[in-house]
*Asks:* 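The structure is given below, and queries will be raised subsequently.
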2 protein chains.
Amino acid sequence: MHGDETAPRTASARLLAVLAAFDPEHRRLGLTALAERADLPLSTAHRLVAELVAWGALRRRADGDYEVGRRMWDLGLLAPVQSDLRQVASPFLQDLYAATLATVHLAVRDRHQVLYVDRLSGRTSVPVVSQVGSRLPLHATGVGKVLLAHAPDAVRGEVLHALTRVTPYTVTQPGRLQRELDRVHREGFAQTSEEMSLGACSVAVPVVAGTDVVAALGVVVPSLKRDRPRLVAALQVAAQGIGRTLTLGLPPDGRRG
Amino acid sequence: MHGDETAPRTASARLLAVLAAFDPEHRRLGLTALAERADLPLSTAHRLVAELVAWGALRRRADGDYEVGRRMWDLGLLAPVQSDLRQVASPFLQDLYAATLATVHLAVRDRHQVLYVDRLSGRTSVPVVSQVGSRLPLHATGVGKVLLAHAPDAVRGEVLHALTRVTPYTVTQPGRLQRELDRVHREGFAQTSEEMSLGACSVAVPVVAGTDVVAALGVVVPSLKRDRPRLVAALQVAAQGIGRTLTLGLPPDGRRG
DNA sequence: CGTCGTCTTCCACCTGACGGAAGCCACGGG
DNA sequence: CCCGTGGCTTCCGTCAGGTGGAAGACGACG
């Protein structure tokens, strides 16, 4: 805590620091930038990077920069980030897209954020910020509100006390949001109107497997004017299909007594 | 090759060996199995795994097994495995799916195999083996044939001399396949009939950006009987859309003189 | 209560990682 | 043309920290 924080880092930690230097804002890095971000001497970074490249975790571009390699992609796909969920849901998302032609989202809660697990969008859909793998605040998106409504009290409490404003329409008053969440429970769906990005509205419903809300399913449209009932209906059909498939297909797993 | 292969492995190599122990057939591993697969003493594996877990690369399940963690997923998504391509293509794939209701594939060539980069399939589609991230032989799939037809001569030569049989209908005679590939060039599309899996036929077209074939786009259907012309037409529309978008949108990149 | 299989912890040895420094290369300005 | 600059690569002596055998804990089974 005093002055220089010498780095008693282990070899593995250094290697991981190199990997950690890559993030959505830094998909390509030169050796120097990489070393800087990983807080390593150039020569060390150089050697580590060489090993990672040899292994396939990183790739060297023609221009000399490094980027995450294909092997990481392979490994990433193994991560059970709801891989059952994704696999089961995929066909239902397709159908939902075909029925609505809206941007379709499948998301789960990751701590205090929404994590987008899958997304479909056609050429005619509203442009949206979300990307697969991206995280957004729980209180400003449709799927987020659904997940928040069904989150443990502790999480909900913490989130309610830190409502950031994203657009002029973002709900930032805890009381008002709480009432909205109650409504989500009563009516079975959540909606937003330009609370995350202007010109985009959304509706979302929970995906229930057994008795747990395991995900949220939502669509984004330019306006909710007249379509809401139809969208909600389509969403609920899809969500039920996913939930049912999950419940039937996957007993030997998350179960804990 | 003689007796014991002592492992002069570096620390990083050991860490990577642990990661490499995970593959699609081994998504969950106990410590012992993991150590075995990574060829490491238990205690070493134990320590490395602990570091990886701390970092988020692995996750410990309730039952004690390890699996790839969410952080790897995040990292994997950064891999530019055709991320431009995937992003650009996604809406076109949606439309193609909506138009055909068939399983839709987007694939690139990875050395001597097809690598599936994206896939859509509805509930009504034929079941297929491919998964996003999986690799299949070039000569037994529609997208594979397209990519093979446009591969460098060296690659094509090597592949033609090692045609494995997958089903009774797989083309395994180099001459015959070569003629098929010529036809792909002439007619602009490739097809298969139960050459990869019984009950599944496919049509595929190249995705051309500038003058290069950067990917292949294909659909899988139960039978080609009457639909082929329609499917080919739909595929070509989508492929052209993708190609055009890629060509327009991404000059400051792959360009090499 | 012993046995077996699996996981966890410990620690003395010694390997192989570390990183400063020097070399290399391409570029650009004087 | 020559030198300065910035970014990358290579080298090698030192010694931090990784290694792995062994012993201990845990839990399941009979």
Side-chain angles (χ1 to χ4, degrees), chain A residues 3-22 25-69 252-253 255-257, chain B residues 3-22 25-69 252-253 255-257:
Chain A
D4 73 333
E5 184 77 31
T6 42
R9 279 192 288 182
T10 76
S12 345
R14 283 176 237 255
L15 195 73
L16 295 175
V18 170
L19 290 179
F22 292 90
E25 274 80 53
H26 302 83
R27 306 177 133 230
R28 300 169 181 176
L29 294 168
L31 182 59
T32 311
L34 187 50
E36 173 111 9
R37 282 177 58 78
D39 191 23
L40 291 170
L42 260 184
S43 54
T44 302
H46 183 258
R47 181 171 33 80
L48 294 176
V49 156
E51 294 188 64
L52 288 167
V53 168
W55 191 77
L58 297 182
R59 213 178 76 83
R60 180 138 216 204
R61 294 162 44 82
D63 64 12
D65 284 3
Y66 295 93
E67 59 190 5
V68 177
D253 195 316
R255 265 328 109 78
R256 283 298 315 115
Chain B
D4 73 334
E5 185 76 30
T6 43
R9 278 190 289 183
T10 75
S12 343
R14 282 176 237 256
L15 194 75
L16 295 175
V18 171
L19 290 179
F22 293 89
E25 274 79 53
H26 301 85
R27 306 177 135 230
R28 299 168 182 176
L29 294 169
L31 183 59
T32 311
L34 187 49
E36 173 111 9
R37 281 176 60 76
D39 190 24
L40 291 171
L42 260 182
S43 54
T44 303
H46 184 258
R47 182 170 33 79
L48 293 177
V49 155
E51 293 188 63
L52 287 167
V53 168
W55 190 76
L58 297 182
R59 213 179 75 82
R60 179 134 213 204
R61 296 162 43 82
D63 63 13
D65 284 4
Y66 296 93
E67 60 190 2
V68 176
D253 196 314
R255 262 331 107 77
R256 282 301 314 116

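Computed over heavy atoms, backbone and side chain alike; hydrogens, waters and symmetry mates excluded. In the text below, chain A, chain B and the rest are named by the order of the sequence lines, each starting its count at 1.
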*Asks:* Look at the side chain of B:Thr44 and decide which nucleotide, out of C:dA17, D:dC8, D:dT19, has an atom nearest to it.
*Replies:*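 Of the options given, the side chain of B:Thr44 lies nearest D:dT19.
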*Asks:* Can you tell me how far P of D:dT9 sits from CG of A:Leu31, to the nearest Å?
*Replies:*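 About 6 Å, once rounded to whole Å.
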*Asks:* On the side chain of A:Thr32, is there an atom forming a donor-acceptor pair with the base of D:dG6 - under 3.5 Å, no angle test?
*Replies:*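 Check fails, no donor-acceptor contact within cut-off.
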*Asks:* Starting at CD of B:Glu51 and ending at P of D:dG17, how long is that distance when rounded to a whole Å?
*Replies:*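 Those two atoms, CD and P, are 12 Å apart.
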*Asks:* Output yes when at least one side-chain N/O atom of B:Arg60 is less than 4.0 Å from OP1 or OP2 of C:dT8, else no.
*Replies:*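 Yes, because at least one side-chain N or O of B:Arg60 sits under 4.0 Å from OP1 or OP2 of C:dT8.
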*Asks:* Once you round it to whole Å, what is the distance between P of C:dT6 and CZ of B:Arg61?
*Replies:*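 Checked: the CZ to P distance equals 17 Å.
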*Asks:* Do A:Phe22 and A:Leu58 have side chains that approach each other closer than 4.5 Å (heavy atoms only, starting at C-beta)?
*Replies:*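 They are in contact (side-chain heavy atoms under 4.5 Å apart), so the answer is yes.
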*Asks:* Once salt bridge (Lys or Arg N to Asp or Glu O under 4.0 Å) is applied, do any residues pair with A:Arg59, and if so which ones, sequence neighbours excluded?
*Replies:*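 Checked A:Arg59 against salt bridge (Lys or Arg N to Asp or Glu O under 4.0 Å); matches are A:Glu67.
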*Asks:* Check the phosphate of C:dG19 against A:Arg47, side-chain N and O only, distance under 4.0 Å to OP1 or OP2. Yes or no?
*Replies:*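 Checking C:dG19 against A:Arg47, no side-chain N or O comes under 4.0 Å of OP1 or OP2.
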*Asks:* Going through the checks in order, is the side chain to side chain contact (heavy atoms under 4.5 Å, CB included) test met by A:Leu34 and A:Asp65?
*Replies:* CA-CA 9 Å; A:Leu34 187 50; A:Asp65 284 3; over 6 Å; no
*Asks:* Report yes if a side-chain nitrogen or oxygen of A:Arg14 is closer than 4.0 Å to either non-bridging phosphate oxygen (OP1 or OP2) of C:dA17; otherwise report no.
*Replies:*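 False: A:Arg14 side-chain N/O out of range (4.0 Å or more) of C:dA17 OP1/OP2.
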*Asks:* Identify the two heavy atoms, one from B:Glu51 and one from A:Leu16, that lie closest to each other, and give their separation to 0.1 Å.
*Replies:*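 For B:Glu51 and A:Leu16, the tightest heavy-atom pair comes out as O-CD1, 4.3 Å.
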*Asks:* Quick check: on DNA chain D, is the nucleotide nearest A:Ala11 upstream (toward 5') of the one nearest A:Ala33, or the reverse? Name the residue that is more 5'.
*Replies:*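 On the 5' side of the pair lies A:Ala33.
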*Asks:* For B:Gly30, answer base if it contacts any base atom (sugar-phosphate contacts may also be present), sugar-phosphate if it contacts only those atoms, and nothing otherwise; contact means non-hydrogen atoms under 4.0 Å.
*Replies:*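 Result for B:Gly30 = sugar-phosphate.
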*Asks:* Please figure out whether A:His46 or A:Ser12 has its closest DNA chain D nucleotide nearer the 5' end.
*Replies:*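 That would be A:His46.
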*Asks:* Between A:Trp55 and B:Leu19, is any pair of side-chain heavy atoms under 4.5 Å apart?
*Replies:*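 Touching, per the 4.5 Å side-chain cut-off.
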*Asks:* Could you state the CG-C1' distance from A:Leu15 to C:dG16, rounded to the nearest angstrom?
*Replies:*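 A:Leu15 atom CG is separated from C:dG16 atom C1' by 15 Å.
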*Asks:* For the pair made of CG in A:Leu42 and C1' in D:dC11, what is the distance, rounded to whole Å?
*Replies:*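 Spelled out: CG on A:Leu42 to C1' on D:dC11 is 15 Å.
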*Asks:* Please state how far atom CG in B:Asp65 lies from atom C1' in C:dC7, giving the value in whole angstrom units.
*Replies:*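 Checked: the CG to C1' distance equals 12 Å.
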*Asks:* Round to the nearest Å and state the distance from B:Leu48 atom CG to D:dG17 atom P.
*Replies:*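 The answer, rounded to whole Å, is 16 Å.
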*Asks:* Report the distance from atom CG of B:Asp63 to atom P of C:dT6, rounded to the nearest whole Å.
*Replies:*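 For the pair B:Asp63 CG and C:dT6 P, the rounded distance is 14 Å.
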*Asks:* Where the side chain of A:Tyr66 is defined as all heavy atoms beyond and including C-beta, which of D:dT9, C:dG20, C:dC7 is the nearest nucleotide?
*Replies:*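 Among the listed nucleotides, the one closest to the side chain of A:Tyr66 is D:dT9.
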